[in-house]
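The first residue of the sequence shown is numbered 1, and numbering continues consecutively from there. Just so we're clear, the structure is a prediction, and the values are computed from it rather than from any experiment.
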Amino acid sequence: MTSPVRPPVPPFTRETALVKVQAAEDAWNTRDPQKVALAYTPDSVWRNRDTFVTGRAAIVALLTAKWERELDYALRKELWAFDGDRIAVRFQYECRDRDGQWWRSHGNELWEFTADGLMSRREASIDDVRIAESDRRVHGPRPESERGVTFPLR
């Protein structure tokens, strides 16, 4: 059984890498673990902070737990670099916890893809900063008018 092709596929150009990054941002903003997991190979390997998982079922479990904790999650990703079958991104997301505390999480991801465009490896380093609700700047999925716009470091 072969995996479905998930364009764009490597080797990436600047244009196709930008499409891949925006597609990832859009998928993650659905907060649907099943949908997000389809972008990864069945045996995809992840490092997410201090957690290591392998395979779609583990990815779904990790994301399900994540979005049960991280309420009102909204994400922005930005292309940092690309080469062949790899893409690096920086990202920020905001969410609140069950106590109502808002957080902005800053991070970097390294992605590696198979020839069919599925991600086989994801390594994410993430730092969290408490913010006041009034300091929020990420409110839901990115509107069309903000696609491709660089977001501030802090």
message = Ring centres under 6.0 Å, that's the criterion: do Tyr40 and Trp46 meet it?
response = yes
Worksheet item: Is there side-chain contact between Lys66 and Tyr73, with at least one heavy-atom pair below 4.5 Å?
Response: yes
Minimum side-chain heavy-atom gap Asp128-Arg49 below 4.5 Å:
yes
To the nearest 0.5 Å, atom CD of Gln101 lies from atom CG of Asp99 at 8.5 Å
Closest non-hydrogen atoms of Leu79 and Ala81, given as atom of the first, atom of the second and distance, are CD1-O, 3.5 Å
Original post:
Are side-chain heavy atoms of Thr16 and Phe82 found at a separation under 4.5 Å?
Top reply: no
For the backbone of Leu75 and the side chain of Asn29, can you confirm whether one donor and one acceptor N or O come within less than 3.5 Å of each other? yes
In short, Phe151 meets Lys77 closest at the heavy-atom pair CE2-C, 4.0 Å
Are there over 12 heavy-atom neighbours, none belonging to Asp97, within less than 6.0 Å of that residue's CG?
yes
Checklist entry - Does the side chain of Leu71 reach to within under 4.5 Å of the side chain of Arg98, using non-hydrogen atoms? => result yes
- Item | Ile131 with Val138, same ILVMFWY side-chain cluster at under 4.5 Å | no
Taken to the nearest 0.5 Å, the spacing of Thr64 OG1 from Ile59 CD1 works out to 11.5 Å
To the nearest 0.5 Å, atom CD of Glu70 lies from atom OH of Tyr93 at 3.5 Å
(Q) Quick check: do Glu25 and Phe91 have side-chain heavy atoms less than 4.5 Å from each other? (A) no
query = Is there a donor-acceptor pair under 3.5 Å between the side chain of Gln34 and the backbone N or O of Val60?
reply = no
Minimal heavy-atom distance between Arg56 and Leu38, with the atoms involved, is NH2-O, 3.7 Å
Under a side-chain separation threshold of 4.5 Å, the hydrophobic residues clustered together with Leu153 are none
Residues Val36 and Ala27: closest non-hydrogen pair is CG2-O, 3.4 Å
Discussion item. Surrounding CZ of Arg104 (heavy atoms of other residues, nucleotides or ligands, distance under 6.0 Å), is the total greater than 12?
Written reply: yes
Does Arg6 make a cation-pi contact with Phe113, if we ask for NZ or CZ under 6.0 Å from the ring centre and within 45° of the axis? no
Shortest non-hydrogen pair, Pro143 vs Arg76, comes out as CD-NH2, 4.1 Å
Near Trp67 CH2, under 6.0 Å, is it more than 12 heavy atoms from other residues, nucleotides or ligands?
yes
NE2 (His106) and CZ (Arg90) are apart, to the nearest 0.5 Å, by 9.5 Å
Correct closest heavy-atom pair for Pro10 and Ala115 would be CD-O, 4.1 Å
Would a hydrophobic clustering, with Ile, Leu, Val, Met, Phe, Trp and Tyr connected at side-chain separations under 4.5 Å, put Trp28 with Leu62? yes
Q) Going through the checks in order, is the side chain to side chain contact (heavy atoms under 4.5 Å, CB included) test met by Ile87 and Phe12? A) CA-CA 8 Å; Ile87 295 175; Phe12 295 109; 3.9 Å; yes
Sequence neighbours left out, cut at 3.5 Å: what donor-acceptor pairs do the side chains of residues 117-125 make with other protein atoms?
residue, atom, partner, partner atom, Å
Ser120, OG, Glu112, O, 3.2
Arg121, NE, Glu123, OE2, 2.7
Arg121, NH2, Glu123, OE2, 2.3
Arg122, NE, Glu109, OE2, 2.7
Arg122, NH1, Asn48, OD1, 2.8
Arg122, NH2, Asn48, OD1, 3.1
Arg122, NH2, Glu109, OE2, 2.7
Ser125, OG, Arg47, NH2, 3.0

Those residues at least two apart in sequence (or on a different chain) that pass ring pair (Phe, Tyr, Trp, His ring centres under 6.0 Å) with Trp102 are none
Is there side-chain contact between Trp103 and Arg96, with at least one heavy-atom pair below 4.5 Å?
-> no
Under the criterion side chain to side chain contact (heavy atoms under 4.5 Å, CB included), I'd like the reasoning laid out for Asp26 against Arg147: C-alpha separation, chi angles, the key distance, then a yes or no.
CA-CA 11 Å; Asp26 293 344; Arg147 297 213 173 202; 3.0 Å; yes
- Message: Do Val21 and Leu18 sit in one hydrophobic cluster, given that two such residues count as connected whenever their side-chain heavy atoms are within less than 4.5 Å of each other, even indirectly?
- Response: yes
### Message
Closer than 3.5 angstrom, by distance alone: can the side chain of Gln92 be matched with the main-chain N or O of Pro152 as a donor-acceptor pair?
### Response
yes
